[in-house]
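Remarks on the structure that follows.
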Amino acid sequence: MKSEERRAKSKNSRIIKPYAPNSSLSTLCVHAGSEPDPLTGAVMPPVYMTSTYAQQSPGVHKGYEYSRTQNPTRERLERALAALEGARHGLAFASGLAAEDAILRLLKPGDHVLCGRDLYGGTYRLMKRVWERYGLNFDFVDASNARNFVGALKTRTRMIWIESPSNPLLSVADFGLLTVLLKKRRSDLLVVVDNTFATPIFQQPLSLGADLVIHSTTKYIGGHSDVIGGAVMTNRDETAQGLRFLQNAAGAVPGPMDCFLTMRGIKTLALRMKAHETGAGKVARYLSEHYKVERVYYPGLNSHPGHENAGRQMTGFGGMVSFDIRGDGGTATEFFSALRLFTVGESLGGVESLACYPWIMTHAAIPEEERLRSGIKDTLIRLSVGIENPKDLINDLSLALEQV
Ligand SMILES: *Cc1c(COP(=O)(O)O)cnc(C)c1O
């Protein structure tokens, strides 16, 4: 067959086969937003490196005007993210903090946000050092007891903000109880859940009563420590419209190559999360039996105060493990220097194992007394367990613990 003939013939055949909407999560990871390109059949999503789009005449175009407003590669990522969280709407941002910033812009001066105390340091900084200057108010309560939120509600409380499992102490909120208690009192509250640690593979907050889910896609969703990104998912049409307006009006959008990389990461998300969890469970059990370890924080351990809640609302316990080393800040520093396979660094959720010192790294933006109040001490070590063979990881930890 000549190539023109072949082209003419294929014009009539249907190349696009959308994934079945009721597919399981691991299938959605591979297919959602990744339907073959209608123009060429390319199996991988085209990366539309363009800032603008030709218009037939002013205002007459194919639905794309300018890439801050619309970009086909970004749209694919947004469809994938929405599908994974079981949401009607997904919005991609340039970073996790840009996504959080857009959510806070939904509020007005004088509005109050009630947060779980154990939060990512950058989230705390965005709230206290940026948005408080523009008249938003923030309070922080221990999120492991849902009743704390009810007790701290104010007339102007518009938003509840929770990380669960939280960063870095892996504390678990009871979403079922929380949303029932809160919504009974105030149906207008927006419950925001940062689902970065669990990912949609292990937890889907919208199905547990949350209104908005945010992700730092930099972490597990991207999964390869090669891209910065953020996302918001919701089933609320009006809130999604407001966020869509802000995404364009404030402009913190990810570039098309970043969207492509994030989507490539998503394809293996389900597989990776299982491997992270297997490794983390083994590491947590190993550490909890070590005499140089004071305390281990991992929702998968029976001893963890949130273990039962986690079992109810999550399908896996995740890949993050924190622990207090027996000794002082000096002991912790020695431990970090002795690691060989774990890389000491910020961030988490990549295929390689990382060790972080929240005291002077991720959570340094939180004032010392506030840190201590949340239980973040100078002996706390946070591990992002990668997908290496757990035996090698435990061997590395064992040698490092021996040296301190
Ligand atoms: C990293 C992180 C963020 C911030 O995301 P960036 O992509 O770094 O802007 C927010 N929440 C949690 C839980 C995080 O780990």
Pairing of [X] and [Y] as salt bridge, 4.0 angstrom limit:
X: Glu368; Y: Arg371; result: no
X: Asp111; Y: Arg158; result: yes
X: Arg244; Y: Glu78; result: yes
X: Glu35; Y: Arg79; result: yes
X: Asp328; Y: Lys377; result: no
X: Asp324; Y: Arg295; result: no
X: Asp139; Y: Lys154; result: yes

Residue [X] excluded, over 12 heavy atoms near [atom1] under 6.0 Å:
X: Lys282; atom1: NZ; value: no
X: Arg147; atom1: CZ; value: no
X: Arg326; atom1: CZ; value: yes
X: Lys183; atom1: NZ; value: yes

Between [Y] and [X], is there a side-chain heavy-atom distance shorter than 4.5 Å?
X: Val172; Y: His307; value: no
X: Val296; Y: Val293; value: yes
X: Phe197; Y: Leu348; value: yes
X: Leu153; Y: Leu114; value: yes
X: Leu383; Y: Val283; value: yes
X: Phe138; Y: His112; value: no

* Under 3.5 Å, is there a donor-acceptor pair between the Glu334 and Gln403 side chains? ->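 No, no side-chain donor-acceptor contact under 3.5 Å.
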* **Pair Ser225-Glu352, side-chain donor/acceptor within less than 3.5 Å** =>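 On atom types as modelled, these side chains qualify, holding a pair under 3.5 Å.
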Verify, without hydrogens or angle tests, whether [X] (side chain) and [Y] (backbone) share a donor-acceptor contact under 3.5 angstrom.
X: Ser374; Y: Ile376; result: no
X: Ser166; Y: Ser171; result: yes
X: Asp396; Y: Phe342; result: yes
X: Gln313; Y: Asp174; result: no
X: Thr123; Y: Leu119; result: no
X: His215; Y: Thr217; result: no

* **Centroid separation His304 to Tyr297 less than 6.0 Å** =>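 Ring-ring flag for His304/Tyr297: false, centres at least 6.0 Å apart.
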* Quick check, are the ring centers of Phe323 and Phe335 under 6.0 angstrom apart? ->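 Between Phe323 and Phe335, the centre distance is under 6.0 Å.
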* Asked: Parallel under 30°, tilted from 30 to 60°, perpendicular over 60°: which one fits the rings of Tyr124 and Phe140?
  ->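 Rings of Tyr124 and Phe140: tilted, 30 to 60°.
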* Anything under 30° is parallel, anything over 60° is perpendicular, the rest tilted; go ahead and classify Tyr298 against Phe317. =>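 Aromatic pair Tyr298/Phe317 classed perpendicular.
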* To the nearest 0.5 Å, how far apart are CG in Leu97 and CD1 in Ile228? ->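 Going from the CG atom of Leu97 to the CD1 atom of Ile228 covers 9.5 Å.
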* Kindly compute the distance separating CE (Met273) from OH (Tyr220), expressed to the nearest 0.5 Å. =>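 The OH atom of Tyr220 is 5.0 Å from CE of Met273, to the nearest 0.5 Å.
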* Ring-face cation of Lys219 near Tyr120 (centre distance under 6.0 Å, axis angle within 45°) ->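 The answer is yes, since Lys219 meets both limits relative to Tyr120.
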* To do: Could you tell me which non-hydrogen atom of Leu84 sits nearest to which non-hydrogen atom of Pro200, and how far apart they are?
  =>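 It is O-CB, 3.4 Å.
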